[in-house]
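Written out below as structure tokens is the structure these notes cover.
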Amino acid sequence: MADGPDIPHLADIRALLDADPHGCALACSVRDTDGTIVDFTLVHLNAAGARFLGRPPDELVGRTYRELWPETVTDGTLPRYRQVVNDRVPLNRTVYYDRATVSGHFEFRVVPFGDGFVARFVDLTKLTLGPATSAGVHLYDALDAAFDGFALLRAVRDDTGAIEDFTREYVNQVGAKLAGRTVEDLVGGRIRESDGDTPLFGELCRVTDDGEVWQERLTAPDTAQVWEVKIARVDVDVVAVSYRDITDHVDQQEQLARGAAAVHAAAIRTDALQAVTAALVAASTPDEVYAAMGTVLRPSAGGHGLLVLLAEDGRLVLRYHAGYEPDVVSRLRELPLTHPYPAVRVGTDGEPRFLHSPAEFAAEQPDPATAISGGGRRAWAFLPLSTGGQLLGALVIGYARPRDFDAGERADLMAFSRLAAQALQRSLLFQAQMSIAADLQRTLLPAALPPLRGAQHAVRYLPWTHGADVGGDWYDVIPLGPDTAALVIGDVAGHSVTAAATMGQLRNALRAYAVDGHRPAEVLRRVNDLLVRLEPEAMATCCYLELNLADGTVTGVLAGHPAPILRAGDETRRLPLPPGPPLGVRGARYHDTALALPPHSDLVLYTDGLVEDRQYPIDRGMDDLCAAVRSAPAGDPHGLIDHILHAGVGPTPRRDDVAILALTVDTACGGRPTVHAPRA
């Protein structure tokens with residue numbers, strides 16, 4: 001087929017090839033004596049093909065492939081073309097050349113023609129995106145300029161139709177670089193032949209067959225590089241694979257996530273610190289401080305057990321525990337300052353200790369005979385309870401798992417311990433002051449009330465004081481004769497030692513004037529004059545009742561004080577006593593009012609803290625009290641007071657001291673006195 005004389009219409013074929021905008025060539029076989037094809041002679045090359053090869057046709061036509069392109073002998077090109085001619089099966093092939101004579105991506109279509117073939121070659125880099133104008137962007141040039149790796153793979157199927165491999169029809173420059181190879185090495189090759197069983201082969205097959213897009217992040221185990229890979233089907237048996245190295249991006253995301261986690265952790269620590277602060281500030285007594293530690297501090301610190309050991313009389317004494325086993329608690333009740341338990345050292349030198357594991361804990365107590373078990377804990381924070389230069393003892397927080405205790409957590413735990421120490425010191429001082437106040441209160445009020453013939457009485461005093469403050473409420477029962485007595489209840493304004501002292505003076509003066517035999521109004525007048533002279537700034541209220549149990553009468557005077565409640569039969573009402581000015585008013589005058597006191601009746605005297613405060617009107621409180629007295633059990637003054645205190649009378653919570661004096665007239669007693677000691 002040197003000139004193709006045996007081919008009909010050869011001129012027409014050449015004209016058809018010349019009209020094609022892509023490169024076209026016509027070649028005929030060169031056979032050996034035994035008929036084997038050993039080469040091909042280029043018979044015709046169109047103008048597009050000449051431009052493609054960069055040489056004029058007359059330099060190429062008539063010459064063999066071995067002469068023109070010697071590499072075709074070694075790169076597998078001639079065997080492929082020989083197979084096309086012999087088997088009469090067309091060949092599609094994509095190649096990439098990076099040579100001095102030719103460079104770029106090309107698609108070859110080789111079709112058998114007579115004793116030779118027609119080859120059509122398309123320069124893929126000349127394909128455009130968008131309209132075919134000067135503004136069009138060459139598709140493969142655009143892909144080569146992309147930041148991401150990109151490849152087109154065509155499936156290779158076996159005789160059963162199953163995919164056995166993929167041929168690389170295109171790989172951009174970035175993709176080849178990311179793979180550590182050249183585009184010319186990759187294009188036209190098969191992935192399994194060159195890369196073995198790639199982990200993506202199964203995904204490539206699935207996308208090729210079902211068309212479902214697949215996208216994942218993959219981390220290279222040897223380099224720790226992170227890749228984002230996407231596979232999509234773009235044609236029958238053709239998939240596009242894009243991939244990019246996102247290691248830096250992932251690192252940045254992880255740094256941002258760590259920063260956000262640190263900010264979140266700091267916010268959590270701040271919230272925990274605020275919660276602990278609020279709980280400890282609200283605690284007044286040691287028990288309240290311990291409760292705040294157990295309910296707020298322990299969970300805020302993440303602990304599963306908590307101990308508070310205070311230094312007392314040359315030893316460390318356990319004052320509070322939560323979450324610890326009974327056998328551990330029993331060993332910790334009292335520890336000498338020579339014991340190796342870590343809290344002892346912390347409670348004496350003031351330096352915190354953080355033990356990260358049971359092994360570290362065991363190393364602190366090497367002698368099994370004296371060692372105290374850690375129970376179910378696996379890490380410990382031993383923190384000093386120190387404030388204002390005073391070391392109170394040690395706070396122990398135990399954890400169920402080993403713990404690192406980083407710098408931030410250690411700082412938080414130390415802040416917790418300082419807050420706990422401040423609250424504990426304040427509460428211990430408050431407790432001491434309360435004890436002083438309670439002792440003072442007991443000395444100012446009667447230890448026991450005298451018995452009355454024909455009546456039973458009971459009293460209840462409910463202090464509402466802070467620190468060393470002492471209330472000014474008082475009560476008294478003053479015997480005046482075999483069947484007569486004075487009932488007194490009053491309230492000096494204020495909560496202070498001065499108010500308490502004034503209350504003591506008033507109580508003693510009332511007793512003296514009453515025992516002298518003065519009528520109730522005269523008793524209060526004299527007491528008022530005395531108060532004006534001795535304490536001109538003081539103010540007090542008082543209810544004074546003189547009982548005559550023999551003839552069933554009561555004579556009363558009010559000095560700015562709420563009226564007693566009388567229950568007689570089915571009727572419960574305020575005792576109708578006219579109000580008088582409070583004690584401490586210069587020139588004040590008072591008047592006696594005599595009333596009947598029926599048998600089996602009840603009298604309730606009280607201070608205003610029971611029925612009113614700034615937010616609770618006294619009329620409402622009086623209605624509450626009348627209702628409670630009305631429904632209370634009869635014949636028992638103690639039961640009557642208990643019922644009042646449990647009936648929701650007056651403001652809740654209370655903001656003032658309360659004193660209640662209840663009396664039940666009981667003529668069935670036969671003249672024998674009934675004694676009831678006051679209840680605190």
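- A distance-only check finds no donor-acceptor pair linking the side chain of Asn548 to the backbone of Thr553 [under 3.5 Å].
- Counting only residues at least two apart or in different chains, salt bridge (Lys or Arg N to Asp or Glu O under 4.0 Å) contacts with residues 545-566 comprise Arg519-Glu546.
- Using a 4.5 Å cut-off on side-chain heavy atoms (C-beta onward), Leu605 and Leu545 make contact.
- Salt bridge status for Arg525 with Asp529: present, with a side-chain N to carboxylate O gap under 4.0 Å.
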Problem - Intermediate values then yes/no, side-chain contact (heavy atoms from CB on, under 4.5 Å), Leu640 and Val604 - result: CA-CA 9 Å; Leu640 174 58; Val604 178; 3.6 Å; yes
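- Applying the ring-ring contact (aromatic ring centres under 6.0 Å, His included) test to every pair with at least one member in residues 549-592, sequence neighbours left out, gives no pairs at all.
- For the pair Arg460 and Asp642, the salt-bridge criterion is met [side-chain N within less than 4.0 Å of a carboxylate O].
- Evaluation of the side chain to side chain donor-acceptor pair (under 3.5 Å) rule for Arg620 yields Tyr616 as partners, not counting sequence neighbours.
- The stretch residues 602-612 participates, sequence neighbours left out, in these salt bridge (Lys or Arg N to Asp or Glu O under 4.0 Å) pairs: Arg567-Asp602.
- Nearest heavy atoms, Leu316 versus Ala343: CD2-O, 3.6 Å.
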Practice task
Could you walk me through whether Leu424 and Leu310 pass side-chain contact (heavy atoms from CB on, under 4.5 Å), step by step?
Solution key: CA-CA 10 Å; Leu424 193 55; Leu310 300 185; 3.5 Å; yes
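- Taking the six-membered ring for Trp and thresholds of 30 and 60 degrees, His339 and Tyr341 have ring planes more than 60 degrees apart, a perpendicular arrangement.
- Take Arg331 and apply the side chain to side chain donor-acceptor pair (under 3.5 Å) test, not counting sequence neighbours, and it matches no residue.
- Across Ile478, Val477, Leu487, a single residue satisfies side chain to side chain contact (heavy atoms under 4.5 Å, CB included) together with Leu449, and that is Val477.
- Aromatic ring orientation, Phe405 versus Phe354: tilted (interplanar angle from 30° to 60°).
- The salt bridge (charged side-chain N to carboxylate O under 4.0 Å, His left out) search around Asp327 returns none, not counting sequence neighbours.
- For residues 305-325, the pairs satisfying ring-ring contact (aromatic ring centres under 6.0 Å, His included) are Tyr290-Tyr320, with sequence neighbours left out.
- The shortest heavy-atom contact between Gly454 and Leu549 is C-CD1, 4.3 Å.
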Exercise for the section: Let me see the working for Trp474 and Val488 under side-chain contact (heavy atoms from CB on, under 4.5 Å), right down to the final yes or no. Expected result: CA-CA 8 Å; Trp474 89 93; Val488 184; 3.8 Å; yes
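- Contact record, Arg655 with Asp613: NH1-OD2, 3.0 Å, taken as the closest heavy-atom pair.
- The two residues Ile618 and Pro562 come nearest to each other via the heavy atoms CD1-CB, 4.5 Å.
- Listed by first and then second residue, the salt bridge (Lys or Arg N to Asp or Glu O under 4.0 Å) pairs involving residues 308-326 are Glu312-Arg319, Arg315-Glu334, Glu325-Arg377 (not counting sequence neighbours).
- No side-chain heavy atom of Val289 sits under 4.5 Å from any side-chain heavy atom of Val308.
- Considering only residues two or more places apart in sequence or on other chains, Thr370 meets the side chain to side chain donor-acceptor pair (under 3.5 Å) condition with none of them.
- Using a 4.5 Å cut-off on side-chain heavy atoms (C-beta onward), Ile372 and Leu335 make contact.
- Sorted by first and then second residue, the side chain to side chain donor-acceptor pair (under 3.5 Å) pairs with a member in residues 571-583 read Glu571-Arg573; sequence neighbours excluded.
- Scanning for side chain to side chain donor-acceptor pair (under 3.5 Å) contacts around Asn528 gives an empty result, with sequence neighbours left out.
- Gln390 is linked by a side-chain contact (heavy atoms from CB on, under 4.5 Å) to Leu392, Gln425, counting only residues two or more places apart in sequence or in another chain.
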Exercise for the section: For the pair Leu597 and Leu566, evaluate side-chain contact (heavy atoms from CB on, under 4.5 Å) and give the outcome as yes or no after the intermediate values. Expected result: CA-CA 9 Å; Leu597 188 62; Leu566 173 67; 4.2 Å; yes
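- Nearest heavy-atom pair across Cys626 and Ile565 is SG-CD1, 3.7 Å.
- What you find for Ala540 and Pro582 is that their closest heavy atoms are O-CB, 3.3 Å.
- Side-chain contact of Thr607 with Asp473: a donor-acceptor pair under 3.5 Å is present, judged by distance alone.
- Proximity of a side-chain donor or acceptor of Tyr513 to a complementary backbone N or O of Asn508 within less than 3.5 Å is not detected.
- The backbone N or O of Glu351 lies less than 3.5 Å from a partner atom in the side chain of Asp349, making a donor-acceptor pair.
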